[in-house]
Amino acid sequence: MAMLTVASLRKTYTTDRGGVRAVQGVSFTVEDGRFYTLLGPSGCGKTTTLRCIAGLERPEGGTIQLDDEVLSGDGRFVPPYDRDLGMVFQSYAIWPHMNVFDNVAFPLRVGRARATSAEVRKRVEEALALVGLEGLEDRPAPQLSGGQQQRLALARALVRKPRLLLLDEPLSNLDAKLRERMRIELRELQRRLGITTVYVTHDQGEALFLSHRVAVMHDGGIVQEGTPREIYRDPSTGFAADFVGNATFLAGDVVEDGIAALGGRVRCSMPKDLRPGEKGLLVLRPENVVVRGAPERRPNEFGGKLEIAAFLGDHLDCIVAVGDTLVRARAHPSVQLRRGQDVWVEFPVEHCVAMRDDGWRPRALQRSFGEDEE
Ligand SMILES: Nc1ncnc2c1ncn2[C@@H]1O[C@H](COP(=O)(O)OP(=O)(O)O)[C@@H](O)[C@H]1O
Ligand SMILES: [Mg+2]
């Protein structure tokens, strides 16, 4: 397999209304055999980055390297068909006029080194077995279910045994149940083959589930990179905290041992360069907020009113109003809590690490979601 290195990648689209700076200095490395995800909202430059790696776009700056071969940059540009990669797009782009066999065989029948028909058969059968479609060779492609079409696209991407796999939101056209099953299959397949993979998605759950490493993108750049655990537990910016997972933001002046918020002081640890008087931001994940029906007079305990307790089977999704601030919390489903009652929330100090406030604020919390527990 291979290691992918992208350095200082830049791509601007020329349009009637001027240049669109889609990718502005993106750098990352995908180690051999790893699953790497570009995660970010629509329009942040994920697809453009992937298309540059594939050779479908010509970047105006930066280099793209697979092991020590320069694919793009330093005056070189390897055309897509010579890049030794497989790709699956959001719309799987399978050919409806072909059967399953011919769809998968297609990449072996075009390009320079054409395979013999015996070899084509062997390779196609191997690829179909990988994705669990063996026996369906003669089926017209449109007669496959959504999940099968998705597997077919994957088989076609893998049939040439590429050194690099590029996936652009390949699960987003599937319904929720199937999407969840396919992401388990995809993870298992990638781990089994050990193929170096770049995955693009706006779905944080997918990114956390599938990836060895995640890059959070915003406005054409990478704002944070790390393992799923690092990205979730230790976001480096307000945007990253908001985009990955649910969070309550507490912003306030840094004071001794904490920040001034919720009409008092919330104790937290602080990066060294954040000093009293500066603006701090504390990001609280719902599973780290404890909700109780009675006070226990513990540090970082605040009284409030339970606005919402939505039953989601494996947990209760709660929103507690502490003054004007809506705090999101997660409780065990057996906990007896009623909407409108007085409750106390606790932010255990070990989960409280403030960062410098960069001014980012989350989308407004919806007061009505799910079914209320009455
Ligand atoms: N072919 C194109 N021509 C002009 N602008 C484009 C083109 N493709 C994408 N863009 C713009 O570039 C930016 C990044 O797009 P894209 O890479 O598709 O983002 P993402 O995949 O993260 O949604 C967006 O502002 C988008 O509108
Ligand atoms: Mg896209």
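Order of listing sets the numbers, starting from 1, for every ligand and every atom in it.
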Taking D317 for its side chain and A310 for its backbone only, find out whether a donor-acceptor pair lies under 3.5 Å. no

Whether R187 side chain and F209 backbone form a donor-acceptor pair below 3.5 Å: yes

Under 4.0 Å from a heavy atom of [X]: which atoms of ligand 1 are those, numbered in the order shown and with their elements?
X   : value
G45 : 14 (C), 17 (O), 19 (O), 20 (P), 22 (O)
T47 : 17 (O), 18 (O), 20 (P), 21 (O)
T15 : 4 (C)

**Asked** Among side-chain atoms of Y199 and Q190, is any donor-acceptor pair under 3.5 angstrom?
**Response** no

With heavy atoms and a 4.0 Å threshold, my read on which part of V20 contacts ligand 1 is side chain

Going by the 4.0 angstrom heavy-atom rule, the piece of T48 near ligand 1 is both

Closest to atom 4 (C) of ligand 1 among protein heavy atoms sits Y13 CB, 3.4 Å

Only residue of K122, R121, R123 satisfying salt bridge (charged side-chain N to carboxylate O under 4.0 Å, His left out) with E125 is R121

Fill in: Within-cut-off N or O pair, K46 and ligand 1, under 3.5 Å
yes

Report task. Please confirm if an N, O or S atom belonging to T47, backbone or side chain, lies less than 2.8 Å from the Mg ion (ligand 2). Result -> yes

- Task: For atom 26 (C) of ligand 1, decide whether some protein heavy-atom distance is shorter than 4.0 Å.
- Result: no

| task | May I ask you to say whether D253 pairs ionically with K279, meaning some side-chain N is under 4.0 Å from a carboxylate O? | result | yes

In terms of its nearest heavy atom to atom 24 (C) of ligand 1, the top option of G43, C52, A22, S42 is G43

Measuring only between side-chain heavy atoms, which start at C-beta, is L165 closer than 4.5 Å to L193? no

Rounded to the nearest 0.5 Å, the CG atom of L167 sits from the CG atom of L186 at a distance of 6.0 Å

